[in-house]
Every structure is written in C-alpha cells, then in structure tokens.
Number of protein chains: 2
Amino acid sequence: MKGYSDATKRFLLAAKHAEKTALQQLSSNCKLVNAVKDVIHQLQRERGISNVFLASRGHRFESQRAEQVELSLKREQALRSQLKSMYLTGTESFSNIRLLSSITLALQGMDHLPTLREKVAKLNLPPLDSTQAYCRLISGLLSVVFEAADVASDPVITRLLVALFNFMQAKEYAGQERAWGAIGFAETHFNRRLCDRLEQLQVAQQHSFGIFREFADAQEQQLWTELEGGPATRDVKQLRNMIQQLADGSPIAEELSEVWYEVATRRIDEMQAIEEHLTERLLEVATQRVQQADADLKNHRRRLQALENQPEPGSSPLTMLFDPAMPGLQGSGALDPNLANGAPSVPDTNGFPQSGTPTANTASGLADAESLSSHRSFYDLLRDQSEHIKRMSNELEEAKRAISEHKAIDRAKLIMMQQWNLTEDAAYRRLQKHAMDQNARISDVAESVIRASSKKPA
Amino acid sequence: MKGYSDATKRFLLAAKHAEKTALQQLSSNCKLVNAVKDVIHQLQRERGISNVFLASRGHRFESQRAEQVELSLKREQALRSQLKSMYLTGTESFSNIRLLSSITLALQGMDHLPTLREKVAKLNLPPLDSTQAYCRLISGLLSVVFEAADVASDPVITRLLVALFNFMQAKEYAGQERAWGAIGFAETHFNRRLCDRLEQLQVAQQHSFGIFREFADAQEQQLWTELEGGPATRDVKQLRNMIQQLADGSPIAEELSEVWYEVATRRIDEMQAIEEHLTERLLEVATQRVQQADADLKNHRRRLQALENQPEPGSSPLTMLFDPAMPGLQGSGALDPNLANGAPSVPDTNGFPQSGTPTANTASGLADAESLSSHRSFYDLLRDQSEHIKRMSNELEEAKRAISEHKAIDRAKLIMMQQWNLTEDAAYRRLQKHAMDQNARISDVAESVIRASSKKPA
C-alpha cells in the first residue's frame, strides 16, 4: 500500500488538469476580448462619423465614413476569425452559457451592420436612430467582455478583465457624450435636457473610471493621470463648459460640430492607448498562466511517479484523518489547544500577490514547482494543491466583488423597470438618487431592492 | 441573406449545447452527492459505535462494530464506482477544480480508513482521536456536497443541494453531539466544558436546520415537523436535560452510554428519511432537467432548419440593432418614452417557479418548446434564449445566497485564525458573539471582517 489509491491519484491529477483546461479557455476568452475591444473602438468612430454625416444631410464626412467602414470591417473579420477558432477546438459546449449567449447576440447585431450602413448611406435614418443602433451593438459587445470577466477562473486575470471592462464602459460613455454633443452642435442649438444628459454621461464616466483605477496597475494609473491632465481632456472640458452656457438654446455655428467631434475623438483615441496596455498585459498574463499550469501538471506527474518508485515508508504516512489542520470535531480544539495550534492550514493571503504583476506570479509559481520536487509525501502534495486552490478561490471572490455589484445594480434595475414600469435610465437614476439621499453605495441600495422583491411573492 | 450568419447560428446552438452539457455534469454530480450521503451516514454510525467500543475498552459493541464496518465498506464501494464512472467519461478536466480537489481529499481519507479501523480494533487509539479522525473524513465528504452545490448551474437543483447540504451538516452536528455525549456517559461523568460543547452543537444544528427548511419543499418541511414533534426527539431532549443536570460532575451508570447512543441514533436515523427524500427529488429533477435540455436542443435545431428553408422575408427582420428592448444610448429612453415602453425585455421573475416543484418546471419547459415551433423569426429564437438564460442566472444567484454566506463565514474564520492565532472554533464563537452583540446576521459580521482585512495591506 502506498497510502493512496489509483482513484485518489487520478483525481489529484484531474484537478490539476482542470485548472490547466480552465486557463486555456480563459486565455482563448482573453483573445476574444482583445478582438472585441478593437471592433468596439472602430464602431465608436463609425457611430460618430455616421452621426455627423446624417445630421449634415450627407454634406460632411462622406469620405471619412467610407474609410471608417473599411477599418470597422477589418476588425470585424478579425473578431469573426477569433470566434471561429473558439468553436473549432470542439470544446465550446464546455464554455459558459452566458458568454456564448452574449456572443450570439453580438454576432446577430454584426450580421445586420450592412443593412444599417446602407440606410445611413441613403440618408434613410434619423441620426438618433443610427446612434441608437450603434449603441446597442456596442452594448452587446461590451456584454461579451463582462461575461468573460464573470467566468474567469484566475484572480489576476479577473482583476485585469474588471479593469478593462470598466475602462471600456467609461470610454463608451465618452463615446455617447461625443454622439449627443454632435447631435446638439449639428442641429446648431442645445437645450436643458440635452445638457443634463451630457452631464449624466460625464458622471457615469467618472464612476467607471474609478473602478478601472481601483483594479489597474501602477503604469496604467500613470497613463490615466497623464490623460486626465493632458491637452485633449483640457479641450473637451472647455467645450463641455461652452455647452453648459448654451442650455438656453442660443444658436451656434454649424462648423463647431466638427471641432467637437475632433476634440472628443482625440481624448477617446488617447484612451485607446490605455486599453491597449490593459489588453497587452491581459494576453501576456494569460499565456504565462497557461504555461505555468502546464509546468505544474508535468511536475505533479513526475512527483507522483517518484512517490510510486519510493520504498514503503516505515511509519504510516500522514493522512487527512490525523492531520490536526483539518476541520474535525467541533469543540475539540478548545479541549486540546495544542491540537489546533500545531500547523494550521491557513492560506497565506498576505503572501499572495494582490496587485498581480505577471513576473512576480510566475516567479512564485516556479518556486512552488521547485519545492515540490524535494522529498515529500503524497499527502503533502495533496494538501499543497488543496491550499493553492482555496487561496485562488478566495482571491477570485475578492476580485469578483466589482462584478457582483455590477450584476446587483442590473438586477435591481430590471426589478424596478418591471414593478413601476420605468425605463432603464429612469430606474438607474432612481437608484442613484436613493444612494445619495441615504449616503449609501449604489450597489448596497440595489441589494436592498433585490432583497425586498424576493420577499414579496412568498 | 437569412438575417444571420453561420457563426451566429453556431453560437446559438453552442449555448444550448453548453446548457445541456452543464446539466449532464450536474446530474452526475448529484449521483455523486447521493453516494457521498450514504457513506457519511454509515461513517457516522461507525464513529459512534467505535467510540463506545474504545471507551469501554472493547467490552461493548464488538460485533456491532464488525457489522457496521461491512455496511460502511459497501457504501464506500458504491461511491468509488460512482467516482470511476465520472472520470471514465473523459470530461473530468472540464469539471470544477474545487470539486475535484475536495473529492481528492475525501478519497485520501477513505484510503486510510483500514489503518484507522485496525487501530480501533487493537484499542490502539484514544476515543477522542478516533472520533476526530471520523469527523475529519466526514467533514471532507461534506465539502464534496458543498462544492457540488456551489458549482451547480441550475437554480432548482442548487436550491435542493443547499437544502441537502445544510440538512447533512445539521445531521453531522447531531452525530457529533452523540459522540461527545457518548464520551461523557462512557467516562461516567460530565463537566461544564463538555456541557457547553453539547449546547453549542445543538445551536449549530438549529442554524443549519433553519437554512434547510428555507430551501425545502412542503413535504420535506412536513417530515421535519413530524420528526421534531416525535418520540425520538422527545427522548433526546430528555437526555439533554439530564446531561445539563450533570454538569457538576456527578457520577452516572456506565450503561446509560448505550441508552444515549441508541436514543440519539434513533433520531439520526429518522433524519435519514428526510435525506432520502431530498436526494430522491434531487436525482429526479436532475434527470428531468437533462431530458428537457436535450429536447430543447433538438427543438432549436429543428426550428433553425425550418428558418433556413423559409422564403426570404419581404421586410427586413427585426435585429438587435433596432430592438427597442435592447439597452442602447443612455438618455434616449427619457427623450422618447415610447422607445423604451414598447416591449421591455424584462425577465418575468414572478412567472419563474420559486419553490421549484419538478413537475411545474417541466411543464413550463415543454410549453416553451411548443411555442418555439410556431412561425417566428431567428431573432425571436435568439432573444427567447437570451432571456431564458438571464432568468436562470438571476434565479441561480438568488439560490446561491446561502452558499455565499457560508463561504463568507469560512473566509472570515480563516482571517481571524491567522490574525489572532485562534482555533477555528474560537474564531466562529467570536463571530457569533459579535453578531449577537450588534444584533446582526453572522454572515454580515463575516463580510465586515473580510472587508476590513482586504483594506489593511494596501
């Protein structure tokens, strides 16, 4: 007897193998997210250009529009290739259902882009309807990024995806601000309502950028600080102030439309550099994680082999039955304090990288792998793995806090839309108002809405 | 052009296929949970019998012990077969890492049961150490049930697994109460400490039974009420009272040990009937869910086929680009209220079965399938599926509340053990005390411990 059965060995390896498989899927999802990011960026430009084109009844931005459509098509093709490679592996039925569903919806939108573009080309669509259509498609594509973050199984990658999703969401609010602004300028006047809407989008941007900064690394934060203090943001702020002065409906020169579009675009294009930084880091970490999981799996196999060839230990090896660190009989710890103080299997949460620089993680991964090859028992191997998994789960849960809050707000909105027949906007504003009135976080208000509604139908 | 690309169709089916695959895995996990439940029940009996056998220095329960070991072995073999069938499907690397890890740990414990039994047979182990070893193994097996609940992708099955896990946890506390009681009776005296420990286990039982009742169906609640009002519970309560009178250390007749064991066992055996009811329903629902998912997938395929053979629609079909129910430009809903009030895609949470009787769910599933075969567009199919998935996710999140709370308490305990060098017991008691002092729920106290600790190392 080696102190463990074949089944135990098999499941030990299966857990390690499952970790690798999950990271491979995650890595493929990261590539997908990268392709989605590129499509969104081009669609945001296409939306703005189409808007000016429509509002000016085809007088402005005709050639820019044609060029932009080419750029969008190129990125769409790259995304479609990425999606194709996903289902060519034959593992798509093990993917997450919600991720697949969000992909399907986004694809359907992309399938109809030619129809939308034709209507725009023929000036057969009001600017607002065109903007709406692009917004819906981008919202659908952003959902893919959100779901990819939600199903991620690795804490460092999850933190990166949360940062990226919130950055992209903020950038989309900036894009919508550009679109509403373009409508106002092109129509040569603003009004109170349009100004309120623009302000709302500015607040929403700051909220999402705030979450991004919480999860970003030092370099990304630095890039962000530079952007906020740079000339593009200064110019946008100047025009924002000007618009606020125009809430009374004073007429403005039509040409300002292009200035607004160009200034807002410069700021959004600068945002793209941060997006690129985030996605580059994402792809790098994902690749490293897969490599590390692969090395760990091989090491586990080698270690098991070595244990099998080892002579039988004289004394019986430690097992979970006699390990004082395992939870057992309630109250026995208090009876014999030495029993529980011996070697508590508490995950060293402080030792786990919080900000998650990829190099630091790889280094610690290799150190793990090395120490595993020293002489230790099967149970040590098992317990190390179990603690590694617990530590990852705890870190993962921490990283998913921002995602849960986002989901709670979404659910609360749906409940309120249904109960009081509100629009999504109105529901969100009501949540926001409650939070301000009660000096509470918006996600806590959302949680109380959900709790209250789940109690009603007993 | 049919209004959708091959990729869109492929991902629509992939999402449906992923749902079926997830349910098949879940169904296999449910069978595993059922086998685990049987092993735990026998090990609980074996623990109690071994305890009396050891405490009486081999004078009592010798033959019962031999018979019990045979019963335990039989259930262990059934569990091992179930595990074997899991990895024979070759899909184990798509299983959840934490579930696989918990299985590995439990298997390692079972691998060492022969050593434990040998020590018991030779009276080579103090009763407390034997009890501890069985408790650790049972705790490891309970983790498998917990992880199975945590990874479940179906709201009704999750609710059932939460009910079952909490019932099994409560039954385990009852088993530990029996064990501590047996130690006291066999040693012919109690003390204040032992009495406190017993009371603590009674409180823990009530807490877990409370969660079970929240998630149980009417029949299970009825069974529970009958158990609580029945003779077995009455007898246990009488002996509990008697023990409280003996806290001063008064001597008692050794024979009472067997009476306590038998009375406590009768109550625990009655609990088994409820466990059986829960697992039978679990296996039934799981089977139905897989069948339903299979029928849904076939129906989707048929519907897609029909759409392909249909003549091209004269007008362009609805797409997500022009669907007013899709989220789009922020603020446009307020601008044009008709835009958003048209057909909001709000999941009908009230319409979704909350308590989840399997028949009701199957019926609604079939109704869905039937209405899908009427003439509708591809986008309708897609939107129905997307809403179905959102509804399931929301329900799932609701059902997982109890699991998150359990995890938060576990994490807070680990943090406190590490920070103040406490035993697990002491950490739990401190959480409990804080909750009572602040008149808060223990899970809320746990959340604040986690939040405070994650803020410290900046």
Side-chain angles (χ1 to χ4, degrees), chain A residues 4-5 7-8 10-12 14-15 17-19 21 83 87 92-95 97-98 100-101 103-105 107-109 111-112 115-116 131-133 135-137 139 176 197 316 319-321 326-331 333-334 340 344 346 350 382 386 389 394 411 414 417-418 423-425 457, chain B residues 4-5 7-8 10-12 14-15 17-19 21 83 87 92-95 97-98 100-101 103-105 107-109 111-112 115-116 131-133 135-137 139 176 197 316 319-321 326-331 333-334 340 344 346 350 382 386 389 394 411 414 417-418 423-425 457:
Chain A
Y4 58 92
S5 63
T8 313
R10 185 127 193 188
F11 273 94
L12 180 76
H17 206 271
E19 194 176 353
T21 308
L83 286 169
Y87 63 67
E92 80 262 33
S93 68
F94 294 101
S95 286
I97 305 164
R98 279 186 300 147
L100 292 169
S101 169
I103 292 171
T104 316
L105 205 58
L107 273 171
Q108 208 260 350
D111 289 346
H112 285 85
T115 322
L116 173 62
T131 303
Q132 270 286 15
C135 285
R136 286 185 188 123
L137 180 51
S139 161
Q176 295 196 6
R197 212 160 284 141
S316 57
T319 113
M320 65 91 87
L321 297 180
M326 279 290 296
L329 182 64
Q330 295 260 327
V346 183
N350 289 331
L382 198 163
S386 160
I389 290 166
N394 285 344
R411 274 206 65 194
L414 282 176
M417 284 162 77
Q418 197 183 19
T423 65
E424 197 174 339
D425 261 10
Chain B
Y4 59 92
S5 63
T8 313
R10 186 125 192 191
F11 273 93
L12 181 76
H17 206 269
E19 195 176 352
T21 308
L83 286 169
Y87 63 66
E92 80 262 33
S93 68
F94 294 101
S95 286
I97 306 165
R98 279 188 298 148
L100 291 169
S101 168
I103 291 170
T104 316
L105 204 58
L107 272 171
Q108 207 261 351
D111 289 346
H112 285 88
T115 321
L116 173 62
T131 303
Q132 270 287 18
C135 284
R136 288 185 188 124
L137 180 52
S139 161
Q176 296 195 5
R197 211 158 285 141
S316 56
T319 109
M320 64 91 86
L321 297 180
M326 278 290 296
L329 182 64
Q330 295 259 326
V346 183
N350 290 329
L382 198 164
S386 161
I389 290 166
N394 285 345
R411 273 205 67 193
L414 282 177
M417 285 162 74
Q418 196 182 17
T423 65
E424 195 173 344
D425 261 11

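In what follows, every heavy atom counts, from backbone to side chain, and hydrogens, waters and symmetry copies are set aside. This structure is a prediction, so every number in the text was calculated from the model and none was measured. Residue numbers start from 1 in every chain, and the chains themselves are labelled A, B, ... in the order their sequence lines are given, proteins ahead of strands.
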Specify the closest pair of heavy atoms between [X] and [Y], including all atoms of both residues, with the distance to one decimal.
| X | Y | answer |
| --- | --- | --- |
| B:L100 | A:A18 | CD1-CB, 3.6 Å |
| A:S101 | B:A15 | N-CB, 4.1 Å |
| B:D111 | A:S5 | OD2-N, 2.7 Å |
| B:Q132 | A:L329 | OE1-N, 3.2 Å |
| A:G328 | B:C135 | C-CB, 3.5 Å |
| B:T104 | A:T8 | CG2-O, 3.5 Å |

From B:L116 atom CG to A:T319 atom OG1, the distance as rounded to the nearest 0.5 Å: 8.5 Å
CD1 on B:I103 to CZ on A:F11, rounded to 0.5 Å: 4.5 Å
Selection from A:A14, A:S95, A:P327, A:A7 maximising heavy-atom pairs under 4.5 Å formed with chain B: A:P327
Heavy-atom check, side chain of A:L414 versus side chain of B:N394, under 4.5 Å: yes
Check: B:M320 main-chain N/O paired with A:Q108 side-chain donor or acceptor under 3.5 Å: yes
N/O donor-acceptor pair under 3.5 Å between B:Q176 side chain and A:Q330 backbone: yes
Residue A:L105 versus chain B: region with a heavy atom under 4.5 Å: both
Heavy-atom contact with chain A under 4.5 Å, split by part of B:L382: side chain
